[in-house]
Amino acid sequence: LDISWYTESMREGLPVAILDRHRLQEQQGDPVEAPAFLAASYACQRNTPQPGHNTLLTAALSVLAESAELNGDEGRGLAFRRSEGLLRSLDRRVQGLAELRGLPCLGDHSRRVIQDLLENGVSSEVEETKSSPRYKAMKLLTGIFGVGVKTAKRWFTEGICSLAQLETSGHSLNAAQQAGVCYYTDLNQPVSREEADAVSVMVEGVVHSVLPGARVTLAGGFRRGKMSGHDVDFLITHPDEGKEEGLIHKIIACLESRGLLLYQQNTRNTYRESAKGAGRPSSSMDRFERCFSIFKLTNDSSYTADNGTGSGGRPWRAVRVDLVVSPISQFAFALLGWTGSKLFERETRRWAVRERSMSLSSHALYDRNQERYLRASSEEEIFAHLGLEYVSPTGRNA
Ligand code: DCT
Ligand code: MG
C-alpha cells in the first residue's frame with residue numbers, strides 16, 4: 001500500500017474507511033484507485049480557508065446547523081457543523097457525491113442534502129427550513145443582543161415573532177436586551193473589515209493611554225481573514241505579568257469618558273490553576289477579565305462603511321465589541337481560543353482529550369498523564385505540544 005502521498009501527521013486522523021479499503025484492495029492485488037479527496041478527521045488537522053470552494057454546500061449545511069442549534073439540539077447542530085467544516089476544507093469544487101466516498105464527518109443526512117444540491121441546485125429541506133415561521137422568529141429573537149436560545153424559545157411559544165410583538169408583550173428586558181432592541185438594525189448589519197480597523201484604532205488609542213506598553217491583538221473572525229463579522233474581538237495583554245490586572249476597568253472608564261460606549265458589561269478574571277488540571281472548556285471561555293460592549297463608531301476620517309451612517313441616518317453606528325484581557329503567561333492559549341472558529345476550537349480540545357489525554361482551554365494546557373501544565377508562549381508551541389501540524393489563523397475557518 002503506497003501511502004507516501006499522505007503526510008505523516010495526516011495519516012493519524014485519516015478516515016479508517018479509506019485506509020481499510022486500500023488495505024483490502026492491496027491484499028486482493030487490485031490497483032489502488034486514488035480517492036478524489038483526502039481529509040483528516042479532526043478540523044484542527046486541516047487547513048480551512050474562507051470561504052472555500054463549495055459555498056453552495058457549506059451555506060446550506062450552515063442553515064441546517066443553525067436551525068438545530070436554535071432548537072436546542074446541540075448534537076445535531078454539531079454534526080452539520082462538522083460536515084460544513086469538512087466541505088470548506090476541500091481544495092476544489094465537489095462535482096458529484098461519489099467523490100465524497102470514504103470522507104469523514106459526512107453523515108447520511110448531510111450526504112442527502114449534498115446530493116440534492118449537486119443534482120438540483122437547491123435542497124428542499126434547506127428551503128423549507130429557511131421559510132419556516134419558527135426558524136425566522138428564532139433567528140430574529142436571538143438576533144437581539146442579550147437574548148439566547150432559551151429566552152427566544154420561551155417568547156416564541158408565547159406567540160412573539162417580531163420586535164413589535166416583543167415591545168407590546170409587557171416583558172421586562174434586562175439592560176443588555178434593552179440595548180439589543182435599541183440598536184437592533186445596526187447590530188444585525190455585518191461589521192466590515194474597514195469598520196473593524198477603525199475600531200482597532202479606537203481601542204489601541206485608549207489602551208495605550210491607560211497602560212503604555214500594553215498589546216492589543218485583533219482576534220475572532222477578522223484574525224482568520226474574514227471580510228465581515230458580527231462583532232470585533234480584541235485580546236489585550238502586557239509583557240510584564242500582573243500589569244494587566246484591573247486593566248478592563250481603566251479601559252472602560254476611558255472609553256466612557258470619551259463617549260465611545262453605548263453599552264458595557266464586564267466580568268472579573270476568575271481563573272485559577274488547580275491541582276485537578278485545566279478548567280472545563282465550556283466554562284473557561286469567560287473567566288478572563290472581559291467586557292461585552294457596544295461601541296459608538298462615528299463617521300469620521302478612518303471609517304469608510306457604505307454611507308458612514310447608522311440606522312435612521314445617524315452620523316454613527318453601533319458595533320458589538322468584545323474586549324478580553326489576558327495575563328502574558330496565558331496569552332498564547334487565549335489567542336488560540338479567541339481566534340476560533342468555534343468548531344476549530346472545539347475540535348482542538350477534542351483532539352487534545354481523545355488523542356493526547358490533555359485538556360486544553362483558553363488559559364492552559366494540562367497533560368493528564370504527566371499530571372502537569374505545559375507552558376507555551378506562542379500558538380506554534382501549543383500545536384507542537386498537541387502533536388499537531390501548525391495551522392495558521394487563515395486556515396482555521398472550519
Ligand atoms: N469562541 C469559542 N466558543 C464560544 C464562543 C467563542 O471558542 N462559545 C471563540 C471562537 C471565536 C472567538 O471566540 C470569537 O467569537 P465570535 O465573535 O462569536 O466568533 P467569530 O468567529 O469572531 O465570528 P464573527 O465573525 O461572526 O464575529
Ligand atoms: Mg467575532
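The first residue of the sequence shown is numbered 1, and numbering continues consecutively from there. In each ligand, atom 1 is the first atom listed, and ligand 1 is the first ligand listed.
The aromatic rings of F344 and F383 sit tilted, their planes meeting at an angle between 30° and 60°. Below 30°, between 30° and 60°, or above 60°: for Y42 and W351 the angle between ring planes is above 60°, a perpendicular geometry.
Here the Mg ion (ligand 2) is the vertex; the OD2 atom in D233 and the OD1 atom in D231 give an angle of 100° (to 10°).
Proximity to G340 (heavy-atom distance under 4.0 Å) selects the following atoms of ligand 1: 10 (C), 11 (C). Listed by number with element, the atoms of ligand 1 under 4.0 Å from a non-hydrogen atom of R224 are 21 (O). Interface of G220 with ligand 1, defined as ligand atoms under 4.0 Å from a residue heavy atom, comprises 22 (O). Using a 4.0 Å cut-off to heavy atoms of G337, the atoms of ligand 1 that qualify are 7 (O), 9 (C), 10 (C), 13 (O).
Here the rule is side chain to side chain contact (heavy atoms under 4.5 Å, CB included) with S200, and of L218, V216, T217 only L218 fits it.
Using a 3.5 Å distance cut-off with no hydrogens or angles, the side chains of E125 and T129 do not pair a donor with an acceptor. A donor and an acceptor atom, one from each side chain of E84 and T58, are nowhere located under 3.5 Å apart. Using modelled atom types, one finds no donor on one side chain facing an acceptor on the other under 3.5 Å when comparing R215 with T237.
Taking the ring axis of F37 as reference, the NZ or CZ atom of R92 stays within 45° of it and closer than 6.0 Å to the ring centre.
In terms of N/O distances under 3.5 Å, ligand 1 is approached by H230. Geometrically, ligand 1 and G221 share a nitrogen or oxygen pair separated by less than 3.5 Å. Where the criterion is an N or O separation shorter than 3.5 Å, residue side chain and backbone included, E345 fails it with respect to ligand 1.
Proximity of K226 to ligand 1, defined as any heavy-atom pair under 4.0 Å, is confined to the side chain (atoms from C-beta onward).
For an aromatic pair to be called close, the ring centres must be under 6.0 Å apart, and Y263 with F292 fails this.
Contact annotation: R320 has no heavy atom less than 4.0 Å from any atom of ligand 1.
Checking D233, D231, T339, D322 against atom 27 (O) of ligand 1, the nearest heavy atom belongs to D231.
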